[in-house]
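Quick note on labels: first sequence line is chain A, next is B, and so on, each numbered from 1. For the numbers below, each heavy atom of this structure counts, side chains included, while hydrogens, waters and symmetry mates do not.
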Protein chains: 2
Amino acid sequence: MALVNEHFLKLPESYLYTDIARRVNAFRATHRGADPVNLGIGDVTEPLPPACVEAMREAVEELGRRETFRGYGPERGYDFLTEAILKHDYAAHGIRLGAEEIFVNDGAKGDTGSIGELLRWDNSMAVPDPAYPVYAESNILWGRSGQQEEGGAWSNLTYLPCTAESRFVPHVPDHRVDLVYLCSPGNPTGTALTRAELKQWVDYALENDTILIYDGAYESYVRETGVPRSIYEIRGARRVAVEIRSFSKTAGFTGVRCGYTVIPRELTVSTLEGERIALGALWARRQSVRSGGTGYVAQRGAAAVYTPEGQEQVRALTDFYLGNARFMREELKRMGLEVAGGENAPYLWLRVPEGMTSWRFFDRLLYEAHVVSAPGCGFGPHGEGYLRLTAFNSAENCREAMRRIRKIL
Amino acid sequence: MALVNEHFLKLPESYLYTDIARRVNAFRATHRGADPVNLGIGDVTEPLPPACVEAMREAVEELGRRETFRGYGPERGYDFLTEAILKHDYAAHGIRLGAEEIFVNDGAKGDTGSIGELLRWDNSMAVPDPAYPVYAESNILWGRSGQQEEGGAWSNLTYLPCTAESRFVPHVPDHRVDLVYLCSPGNPTGTALTRAELKQWVDYALENDTILIYDGAYESYVRETGVPRSIYEIRGARRVAVEIRSFSKTAGFTGVRCGYTVIPRELTVSTLEGERIALGALWARRQSVRSGGTGYVAQRGAAAVYTPEGQEQVRALTDFYLGNARFMREELKRMGLEVAGGENAPYLWLRVPEGMTSWRFFDRLLYEAHVVSAPGCGFGPHGEGYLRLTAFNSAENCREAMRRIRKIL
């Protein structure tokens, strides 16, 4: 009898964005003609940078001609992309990595949701709270998260509270864990770790033989000096950290699908007998049986991000979204709301009015202001009492959303 | 201490195609100027069909304009693609499926290598022998394959011998297993299951509550009437079979990355308490935390396969490769070699001369004839004594390969 993998049954029935979509659909059905402004799901709205469009157009033409056709690509990605990544994202910032430490993928979500399977299922883990739900939920599938308790917390997870008191920064726990997910600049709070804060994490990991999964999907929004763009800026990080980056929020690639994962050569995990195993070699072997590689057109588009025009266009794009964020942040503050984020990140983290829950304020914004947000409680227990607003929209829509919110407060 | 998932250590160090590439590199290093014909890895060589190129070019342009830009796509794929699949691959053949039963993916390999994780790790399984290595190897990662024994077989697998005596067809075993992988037309033997043979499998699965993973990556090469193009042509298959298809070998998408998986609504697996769980709902939930969806440009390209021009071009493309296969099949037979496949598939399955092993004949073809093949033993214990040749090359290269082989025999 084919038996189900019972860990899969622990996955909550619904996913945050599905819940949001359901509520928005109900609103639309009862409010014909209303035009809600969507500041909910973190999806980009601006077109691809022209340099990427041009490169992808050429790539398509190449695939249409026998002389330039390409079939299966190299499993870890094409050299033209890996070399551009090494040069611009790392060497330019004083970080030396080798080509065999880069794994090009079809966007950060897949690798973020899969990397944890390299570790034993009963290794302990910690996640920032609130955080991108994939960290906790992907680990459910290996039985690592335990059971979901009243209030939404998972029994085997250590939650790292990111509260107003801690400036929404996750701090090292008072006990050891084997695996920690970090995100900086952070989703959903929009808070970036300083060098000192990140160093605490690397030191903790070195001391405790902990693996850090460092989600750098929003790296291109960092503007402040003193905020690291890569965890490898911290000494020792090569021995403890995997870094995952994406072109989704950098260059509008959410529908193109391309990103990459860095696993340094020195990063090892232990067998029960104490033998050290290189995580990168293990991941390479895993990919050779579980992944068909990343599409050529997407890789050409991603490489164009690193051309002089691409760099300029991507900077303009992220500046644009940051402009939206700054504008909304100031407006919301003027309305008397407490708001974090929006300085090195495209997200604003908004405290809901006293006495309300995340979902109640979500509903109020939707039904009274016709603005879609994301309820903080969907990102973890400590997200309750907050809402996330994204800066991914046109300037006009962001202005309109602020006008509408001001009216109902 | 971060501990490794020890199942991953069981994965053999090298992958078949990596081994082949290593030997070819050694050959090239010692034979400067030699130009080996590659009939080894099953990768297409002809350019994309013009209809796909045109659709992908338009898709890239759309992503470059604000009005037509698209970010994250629907998790299961865009309606325009799902609807084309339902209409042309199923309804046209009398098979009724619903949109919620189709899961668009980035090529068959990922889903083929992941679908088994929906079942309990200790469910028993069977694979054709020889077969695409991903079936057995992906299951190693969940501990299901057991240990690798002398000779390459895995201790917990039931092997379904595909030998000359059985016309290279896998037959139902004399005991029950929970999970069976099937591939028709088959890689590497190029043999397609008849309706009667496939019916035996569906009946076996219905009787034993077995899940069939039906790999239909080479479906578009079927020319013979009486050979099913889909397992759902067999009554009852909706209750037991997952079908995985790909645009890779149909339309030259190995570097574009697009395919799809079908999980019918009626397909369920059991909990330990006997409750039945719909596999499709479970997969959808899994995808929502483990996959970022399939790129828009690839999906537009795939949808173009179903236009009248696309259908004609894809037919011409597969006819072309089948022409290569037929030509080589006849040539090899004329040389006195035993050869199977090549009629409904782009693969030829060649018996090596008496007294030789797969690798020895591989080396002989490489060093004496300058032809790259794939050793049968790389596809399973019963592949020993065979070689696989692919028809994925130009007509001229296929002719040249046959000339070279004839000279050395």
Side-chain angles (χ1 to χ4, degrees), chain A residues 1-6 8-9 11 15 43-44 46-48 50 53 56-57 60 63-66 69-73 106-107 109-110 113-114 117-120 123 134 137-138 141 178-179 209-211 254-257 269-272 277 282 285-286 288-292 295-298, chain B residues 1-6 8-9 11 15 43-44 46-48 50 53 56-57 60 63-66 69-73 106-107 109-110 113-114 117-120 123 134 137-138 141 178-179 209-211 254-257 269-272 277 282 285-286 288-292 295-298:
Chain A
M1 188 160 66
L3 291 172
V4 71
N5 176 348
E6 308 232 350
F8 278 68
L9 301 182
L11 270 177
Y15 185 61
D43 193 5
V44 294
E46 296 301 297
L48 294 185
V53 172
M56 290 169 69
R57 189 190 291 135
V60 169
L63 297 182
R65 288 192 304 266
R66 181 174 290 101
F69 178 78
R70 305 198 187 210
Y72 290 118
D106 70 339
K109 190 177 178 191
S114 295
E117 74 185 10
L118 297 183
L119 299 192
R120 258 178 80 97
N123 264 198
V134 164
E137 296 195 352
S138 61
L141 303 179
D178 302 307
L179 175 65
D209 196 3
T210 298
I211 298 291
T254 52
V256 174
R257 311 305 310 150
V269 288
S270 180
T271 65
L272 287 174
I277 306 289
L282 215 60
R285 195 65 195 84
R286 184 258 187 208
S288 78
V289 297
R290 297 282 294 275
S291 159
Y296 177 65
V297 179
Chain B
M1 187 160 68
L3 291 171
V4 69
N5 176 348
E6 307 232 352
F8 278 69
L9 301 181
L11 270 176
Y15 185 62
D43 193 6
V44 294
E46 296 302 298
L48 294 185
V53 172
M56 290 169 69
R57 189 190 292 135
V60 170
L63 297 183
R65 288 192 304 267
R66 182 174 289 99
F69 178 77
R70 305 197 187 212
Y72 291 119
D106 71 339
K109 190 177 177 191
S114 295
E117 74 185 11
L118 298 182
L119 300 191
R120 259 178 79 96
N123 264 197
V134 164
E137 296 194 354
S138 62
L141 304 178
D178 301 307
L179 175 64
D209 196 2
T210 298
I211 298 290
T254 52
V256 175
R257 310 306 310 149
V269 288
S270 181
T271 65
L272 287 173
I277 306 289
L282 216 59
R285 195 65 194 83
R286 184 257 186 210
S288 77
V289 296
R290 298 281 295 274
S291 159
Y296 177 66
V297 180

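For the set A/Ile277, A/Leu63, A/Thr210, the count of heavy-atom pairs under 4.5 angstrom toward chain B peaks at A/Leu63. Contact count versus chain B (heavy atoms, under 4.5 Å) is highest, among A/Pro50, A/Gly113, A/Gly71, for A/Gly71. Here B/Leu119 is the residue among B/Val53, B/Asp106, B/Leu119 with the most heavy-atom pairs under 4.5 Å with chain A. The candidate from A/Asp209, A/Val289, A/Leu3, A/Asp178 with the greatest count of non-hydrogen atom pairs under 4.5 Å with chain B is A/Leu3. Listed options A/Thr271, A/Leu9, A/Val297 were ranked by heavy-atom pairs under 4.5 angstrom with chain B; first place goes to A/Thr271. Taking A/Gly295, A/Gly73, A/Ala298 one by one and counting their heavy-atom pairs under 4.5 Å with chain B, the maximum is reached by A/Gly295. Per-residue counts of heavy-atom pairs under 4.5 Å with chain B were compared for A/Val256, A/Ile211, A/Leu282; the largest is that of A/Leu282. Per-residue counts of heavy-atom pairs under 4.5 Å with chain A were compared for B/Val44, B/Val269, B/Val134; the largest is that of B/Val269. Counting heavy-atom pairs closer than 4.5 Å to chain A, the top residue among B/Met56, B/Arg285, B/Arg66 is B/Arg285. Considering only heavy-atom pairs separated by less than 4.5 Å from chain A, the leading option among B/Ser138, B/Ser291, B/Pro47 is B/Pro47. For the set B/Leu11, B/Val4, B/Val60, the count of heavy-atom pairs under 4.5 angstrom toward chain A peaks at B/Val4. Counting heavy-atom pairs under 4.5 Å between each of B/Gly255, B/Gly110, B/Ser270, B/Gly64 and chain A puts B/Ser270 at the top.
The contact between B/Ser114 and chain A is made by backbone and side chain atoms together, counting heavy-atom distances below 4.5 Å. Heavy atoms of B/Arg65 lying under 4.5 Å from chain A belong exclusively to its backbone. The contact between B/Leu141 and chain A is made entirely by side chain atoms (from C-beta outward), counting heavy-atom distances below 4.5 Å. Contact of B/Leu179 with chain A is not made at all, since no heavy-atom distance falls under 4.5 Å. The part of B/Arg257 that comes within reach of chain A is its side chain, from C-beta onward, which places non-hydrogen atoms under 4.5 angstrom from that chain. In this structure, chain A has heavy atoms under 4.5 Å from both the backbone and the side chain of B/Asp43. Heavy-atom distances place the backbone of A/Arg70, and not its side chain, under 4.5 Å from chain B.
In this view, A/Arg286 and A/Glu117 satisfy the salt bridge (Lys or Arg N to Asp or Glu O under 4.0 Å) rule, not counting sequence neighbours.
One finds the CZ atom of A/Arg57 at 9.5 Å from the CZ atom of B/Arg57 (value rounded to the nearest 0.5 Å). The line from OH of B/Tyr296 to OG1 of A/Thr254 is 13.0 Å long, rounded to the nearest 0.5 Å.
Listed for the B/Glu6 side chain is a donor-acceptor partner under 3.5 Å among the backbone atoms of A/Leu272.
A 4.5 Å side-chain heavy-atom check between B/Asn5 and A/Leu118 finds every atom pair outside the cut-off.
A/Ser288 and B/Lys109 make their closest contact through O-NZ, 2.6 Å (heavy atoms, listed as atom of the first residue, atom of the second, distance). Counting all heavy atoms, side chain and backbone alike, A/Asn123 lies closest to B/Ala2 at OD1-CA, 3.3 Å.
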